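Order of the sequence lines fixes the chain letters, A, B, ..., with proteins taken first and strands second; residue numbering starts at 1 for each chain. Computed from a predicted model, the values in this text were never measured in an experiment.
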Protein chains: 2
Amino acid sequence: MGQQNRGPKRNYKQDFQRVVAELENMILIGAFQPRKRLVEKNLSQIFNVSRFWIRDALKVLETKGLVKLIPYKGAVVSNVSLQELEEIFVIRVALEKLATRLALKNISSSDIKILKRISKQVEQSFMKKDFQNMLIANTNFHDYIFKRSQNQTLQQMINGLRSRCHIIRHSAWSSPGFLERSLEEHQLYINALKGRDLETLEQLAEDHITHAKTHYLKKLANENNSVPLVSSEV
Amino acid sequence: MGQQNRGPKRNYKQDFQRVVAELENMILIGAFQPRKRLVEKNLSQIFNVSRFWIRDALKVLETKGLVKLIPYKGAVVSNVSLQELEEIFVIRVALEKLATRLALKNISSSDIKILKRISKQVEQSFMKKDFQNMLIANTNFHDYIFKRSQNQTLQQMINGLRSRCHIIRHSAWSSPGFLERSLEEHQLYINALKGRDLETLEQLAEDHITHAKTHYLKKLANENNSVPLVSSEV
DNA sequence: CTTGTGTAAATTGTTAACAATGTGTGATAA
DNA sequence: TTATCACACATTGTTAACAATTTACACAAG
């Protein structure tokens, strides 16, 4: 149907999504501090695309809740309030429990093998002190379980909420004992999956999140003593 | 600080949000059929704003999952697939159960009075056959409970998922016996809240959604016999 | 030294023109 | 008649110029 390859037909959409993803990633890894202004001109130079695309990307990230757009002032990385953080954690517990429960129905012994392999990667990265890769592998571990829920919408929502808690990740991961605990957790997950022990799995999902929260709050309390941490007004 | 009222300072943001909300509402009430193209020029005339704003509004609705943007073809109202619908319903059950559970902690006797009043409005609208207002009042009833969860993020997510199921609402509401059942449901809710009966409340939340789903699927099956209902390709 | 004020620069918001692509229509030929 | 192709038109995507607003800074007054 006249749909033949008769031109370049640039893949705008794909390029654009790449920009959004990269920008999102930069925010997630903390390249931009919360409350720091994101100047469109700078971003367009960094990503080598027009301001037009940057503006659109920022709009997307705004509806995702990662940045806040203030008229004539620009975009700032959203500084999730304590209140909001608490709210998100409660929801994450519910959704990750759900995902785990659904996954349990679909998980096979070959899946468990894969999880063991990923878990081993986490361990090796830890021993090599390669924390960058450890974080990636750790994320993969949990993602793999959620993927087995066979509910793509659920996965996306979990990822969305996780993104919104970006400020936590660094705090938690730099907290003493946190990494060691992750390793243990994976073993418990694998054992519970083997034994098809739903109750333990749900408890693990809850503990996993609660633990991250606790570490973050502890960290925050410390910082709070030195820096007043102004709430994000305007 | 130099922030005094020294000019018109148009409220762009507010105007824009209004456009998004109105467009979203038009999709929700079914003014645009799924798979129908939304032509930017037409929309800009309808809303009396520039194409620029329409494009932005469509982008927002895309990330909300209400429309699908296809390069050089434009926006179409997203036709949620059966698969996606099932996925959303599973999540809604979990989230609405959670909201109900949280609400139970905060609900006072004065809240129950308000709920009774809303319930009466639903009943009166039903008797007057004013189904437009009945839908509004019914939505208010459930929203009021969710609001008492004191978790704004949760509320927003529930609303977002509800929006994505827009095609259901008409089906379910025009289904015979559905309205009557809603009335009974409200009484059961009120009684369970009074008695602080968590188990019943969670069951009600689950039934509420499952019931809507069942009605929709039945309706869909009927239509499916006459119209093939092409899955939304591209 | 501090404080306020006005102006210039920087930044964001909007528009209109233009480029790229999709869609439909009618002529032409088998 | 039907299929095919070229062409015009409709629609979407992008850009660059311009308008609105904020921010920075110099400068004067107290």
Parallel under 30°, tilted from 30 to 60°, perpendicular over 60°: which one fits the rings of B:H211 and B:F178?
-> parallel

Between B:R162 and B:D143, is a side-chain contact (heavy atoms from CB on, under 4.5 Å) present by the stated rule, with each step listed?
-> CA-CA 11 Å; B:R162 197 157 50 183; B:D143 278 352; 2.7 Å; yes

Between C:dT15 atom C1' and B:D56 atom CG, what is the distance in whole Å?
-> 13 Å

Separation of atom CZ in B:F16 from atom P in C:dT15, rounded to whole Å | 13 Å

Among all residues two or more places apart in sequence or in another chain, which pass the salt bridge (charged side-chain N to carboxylate O under 4.0 Å, His left out) test with B:R37?
-> none

How many Å lie between CD on A:E62 and P on C:dT12, as a whole number?
-> 14 Å

C:dT12 C1' sits how many Å from A:K68 NZ, rounded?
-> 18 Å

Without hydrogens or angle criteria, can the side chains of B:D207 and B:T210 be said to hold a donor-acceptor pair below 3.5 Å?
-> no

Closer than 4.0 Å, any side-chain N/O of A:S50 to the OP1 or OP2 of D:dT15?
-> yes

Integer-rounded Å distance: C:dA10 P and A:Q45 CD | 13 Å

Do B:N133 and B:D130 get their side chains close enough for a donor-acceptor pair, meaning under 3.5 Å?
-> yes

Using atom CD1 of B:I70 as one end and atom P of C:dG22 as the other, report the distance to the nearest whole Å.
-> 11 Å

Atom CG of A:D15 to atom P of D:dG13: distance rounded to whole Å?
-> 14 Å

OP1 or OP2 of C:dT12 sitting under 4.0 Å from any side-chain N/O of A:R51?
-> no

B:P71 or B:F52: which one's nearest nucleotide on DNA chain C is closer to the 5' end?
-> B:F52

Output all residues satisfying salt bridge (charged side-chain N to carboxylate O under 4.0 Å, His left out) with A:K213, sequence neighbours left out; order by chain, then residue number.
-> A:E86

Could you tell me the separation between the NZ atom of B:K59 and the C1' atom of D:dG13, rounded to a whole number of Å?
-> 9 Å

Hey, what are the protein-to-nucleotides 8-11 of chain D N/O distances that come in under 3.5 Å?
from	atom 1	to	atom 2	distance (Å)
D:dT11	O3'	B:R37	NH2	3.1

